[in-house]
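Chain letters run A, B, ... following the sequence lines, proteins first, then strands; residues in each count from 1.
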Amino acid sequence: MTDNTNNKAEDTKSLNFIEHIIEEDIREGKHEGRIHTRFPPEPNGYLHIGHAKAFCLDFGLAEQYGGKCNLRFDDTNPAREDVEYVDAIKEDIQWLGFEWEDREYYASDYFGELYHYAEKLIRKEKAYVCHLSAKEISDNRGTPTEPGKDSPYRNRSVEENLELFAKMKAGDFQDDTCTLRAKVDMTSPNMHMRDPILYRIRHIAHHRTGNEWCIYPMYDWAHGQSDSIEGITHSLCTLEFEVHRPLYEWFIAELGIFPSRQIEFARLNLSYTIMSKRKLLQLVENGQVSGWDDPRMPTLSGLRRRGYTSDSIKNFVNTIGIAKRNNVIDVALLEFAVREDLNKKAPRVMAVLDPIKLIIDNYPDDLVEELETINNPEDESMGVRTMPFCKEIYIERNDFMEDPPKKFFRLAPGREVRLKSAYFVTAQSFEKDENGNITVVHCTYDPDTKSGSATVTRKVKGTLHWVSAKHALDAEVRQYDRLFMDSDPDGHKDKDFMEFLNPDSLTIIKGCKMEPSLSSARYPDHFQFQRLGYFNCDKDSTETNPVFNRTVPLRDTWKQKK
RNA sequence: UGUCCGAUGGUGUAAUUGGCAACACAUCUGGUUUUGGUCCAGAAGAGUCCAGGUUCGAGCCCUGGUCGGACAACCA
């Protein structure tokens, strides 16, 4: 949260609905005022900005109310999960500055305890071993508007169930031959209460428990009980689990265990992007992006590589709020968040992406001046540096126009502009190649207009960035645009999200000219390329081929008017 | 024909729990500026999905609608 919103939040005591619940719980002395949350990712993919919303809430609330937040991997499905993801998930959470100390847990840590809970349910005649096939179970479950039918195995004896369940665990049965089901109510209007499956048989090695188990708990059975075992007071999850809550509470009541409370909030949706892990995986596997950390991905690793700062993401997440209604956040808000943060932090440098040579005819041939320039006008403590200046420099191709419109403030024949931190120059002539493209612009400079000298009082409308031709560093720049051309690529019943992929989401520009100080840039150093945008050094960058990503362009009111 | 949830400017969230609907982004003016950035000043934009009811008073409470979302994996 920024200082600003924080102050406002405290002044007006503007709370989201979960904070209201928590404060009321504290007021009433529930759980002795203890607040304990958890973030429960499944290690089957990388975390994205939507997960950031969730874990900033989980960890943030714990921080805010002097409680704790556990990191718990929900690893109950060995077929889809992998340690690669565990490490990536931890790195992303730490990147945003959250700490779980020694509370790194795994649902698989509780397999033993869960097994005993299941036996307890069997003894209470609240669970049974069912030999129906997946198809039969599905057929018997009914539909949302029609009740289901009882399984023929529903009423066997406690002893028989206990024995069969032990055999399931012992590996006496093949995959998919039977399940352990809770005995709730096949006629419930809530589908999740129609004798949900607790365990299925899978003879697969688990990334943590190896071959110790061949029965694996389902989400509803593992998740809630894990919350309870850890003494979680407020278990926050997204809206789609709302219909699971009655079951969550049924287990607590039947087992008589610690009553964690599940609270649901609306997940984050961002315009022009998709947030489904499955679909993001599809982009990775089809090679539409270079990996989970492709700078166009909404993953935290992608945003990090793109040049987003962790502060900007936290600020963003705290700005969007928490509620229960479905929402779509404008990506412009995310972009605002990085600009706001980088404006304060990023040193200003000069880089010319589409160079055209500017020759200062009246400047001494061999003279090189070291001109001083400020690193960040927003933060004087960032100091100054010098840039070499000489007779031939590069400017941006679109900063010169042969025949400009009246509101064009840049260079044109006979027009004078300022070269940032250097001199005023006036364009005199230009050269074209056989195709009519301008190749060189000739100008003259006024020695009395040197930056910092107060000798000239006349004003110029435009200021251009530039790089000394002789000293320029050649570099590659990767410009990114939105990955999808539709504001809601995932929201069309008749069309696949892949149809909306933007073919121009990545533009690689080689031969960009940069000021020499950039040779020391290393991943993930952030910069503002003056007049262009915020950029960061990419991890592909090398000594011989420096690479920069455009994080986000500067706000451009000129372009909008054109 | 079911159950659950939701509905406040273009977008997102607030509203001291029943007291003149506020903040941010986006948009548009004007000013400052050695970045057409930043910053500063200002404008426009909702009367809270609809219809009733309770009340001195309703975005908040009640009733009935409408619209939107979730739920029928041995996924989470």
Compare every heavy atom of [Y] with every heavy atom of [X], then report the nearest pair and how far apart it is.
| X | Y | result |
| --- | --- | --- |
| M193(A) | S188(A) | CB-OG, 3.5 Å |
| E240(A) | H244(A) | O-CD2, 3.7 Å |
| I395(A) | V352(A) | O-CG1, 3.4 Å |
| A412(A) | M401(A) | CB-O, 3.3 Å |
| H465(A) | E396(A) | NE2-OE1, 2.7 Å |
| D195(A) | D185(A) | OD1-N, 3.5 Å |

Assign [X] to base, sugar-phosphate, or nothing according to its heavy-atom contacts below 4.0 angstrom with the strands shown.
| X | answer |
| --- | --- |
| L419(A) | nothing |
| G452(A) | base |
| H20(A) | base |
| R194(A) | nothing |
| H244(A) | base |
| D176(A) | base |
| S133(A) | base |
| T373(A) | nothing |
| Y199(A) | nothing |
| N44(A) | nothing |
| R80(A) | base |
| E242(A) | sugar-phosphate |
| K461(A) | nothing |
| P377(A) | base |

Using OP1 and OP2 only, check whether a side-chain N or O of [X] sits under 4.0 Å from [N].
| X | N | result |
| --- | --- | --- |
| T145(A) | U3(B) | no |
| R200(A) | A76(B) | yes |
| R555(A) | U38(B) | yes |
| R202(A) | C75(B) | yes |
| S271(A) | U11(B) | no |
| R141(A) | C74(B) | yes |
| T76(A) | A76(B) | yes |

Without decimals, in angstroms, what is the distance between [X] [atom1] and [N] [atom2]?
| X | N | atom1 | atom2 | result |
| --- | --- | --- | --- | --- |
| W558(A) | G37(B) | CH2 | C1' | 16 Å |
| N327(A) | C5(B) | CG | P | 19 Å |
| W466(A) | U35(B) | CH2 | P | 15 Å |
| I197(A) | C75(B) | CD1 | C1' | 11 Å |
| I320(A) | A14(B) | CD1 | P | 11 Å |
| N190(A) | C4(B) | CG | P | 9 Å |
| I329(A) | C25(B) | CD1 | P | 14 Å |
| L239(A) | G68(B) | CG | P | 17 Å |

Presence of donor-acceptor pair under 3.5 Å, side chain of [X] and base of [N]:
| X | N | answer |
| --- | --- | --- |
| R325(A) | C5(B) | no |
| Q528(A) | U35(B) | yes |
| T463(A) | U35(B) | no |

Review point. How about Y153(A) and Y128(A): are their ring centres within less than 6.0 Å of each other?
Key: no
Taking the side chain of [X] as heavy atoms from C-beta outward, which of [options] is closest to it?
| X | options | value |
| --- | --- | --- |
| R531(A) | U35(B), C25(B), C75(B) | U35(B) |
| M191(A) | G37(B), C75(B), C71(B) | C71(B) |
| A332(A) | U35(B), C25(B), U34(B) | C25(B) |
| L333(A) | A72(B), G36(B), A24(B) | A24(B) |
| V243(A) | G69(B), C71(B), C75(B) | C71(B) |
| N343(A) | C74(B), G37(B), G36(B) | G37(B) |

Exercise for review: May I ask you to test the L239(A)-N326(A) pair for a side-chain heavy-atom distance under 4.5 Å?
Suggested key: yes
Check your understanding: Looking at OG of S151(A) and CG of L132(A), how far apart are the two atoms once the value is rounded to the nearest 0.5 Å?
Key -> 4.5 Å
Practice item. Look up atom CG in L419(A) and atom CG in D399(A), then write down how far apart they are to the nearest 0.5 Å. Key: 10.0 Å
Point to revise | Residue whose nearest RNA chain B nucleotide is more 5′ - I137(A) or G321(A) | key: G321(A)
Exercise for review: Between F408(A) and V328(A), name the one whose nearest nucleotide on RNA chain B is closer to the 5' end.
Suggested key: V328(A)
Revision key, fill the gap. Output field dot_bracket for RNA chain B (Watson-Crick or G-U, both distances under 3.5 Å, | for other-strand pairs) contains .((((((..((((.....[..)))).(((((.......))))).....(((((..]....))))))))))).....
Review point. Taking atom C1' in both G9(B) and U27(B), what distance in whole Å separates the two?
Key: 12 Å
Review point. So, are E230(A) and R38(A) salt-bridged, with charged N and O less than 4.0 Å apart?
Key: no
Check your understanding: Taking the six-membered ring for Trp, does Y219(A) stack with A76(B) (centroid gap under 5.5 Å, planes within less than 30°)?
Key -> no
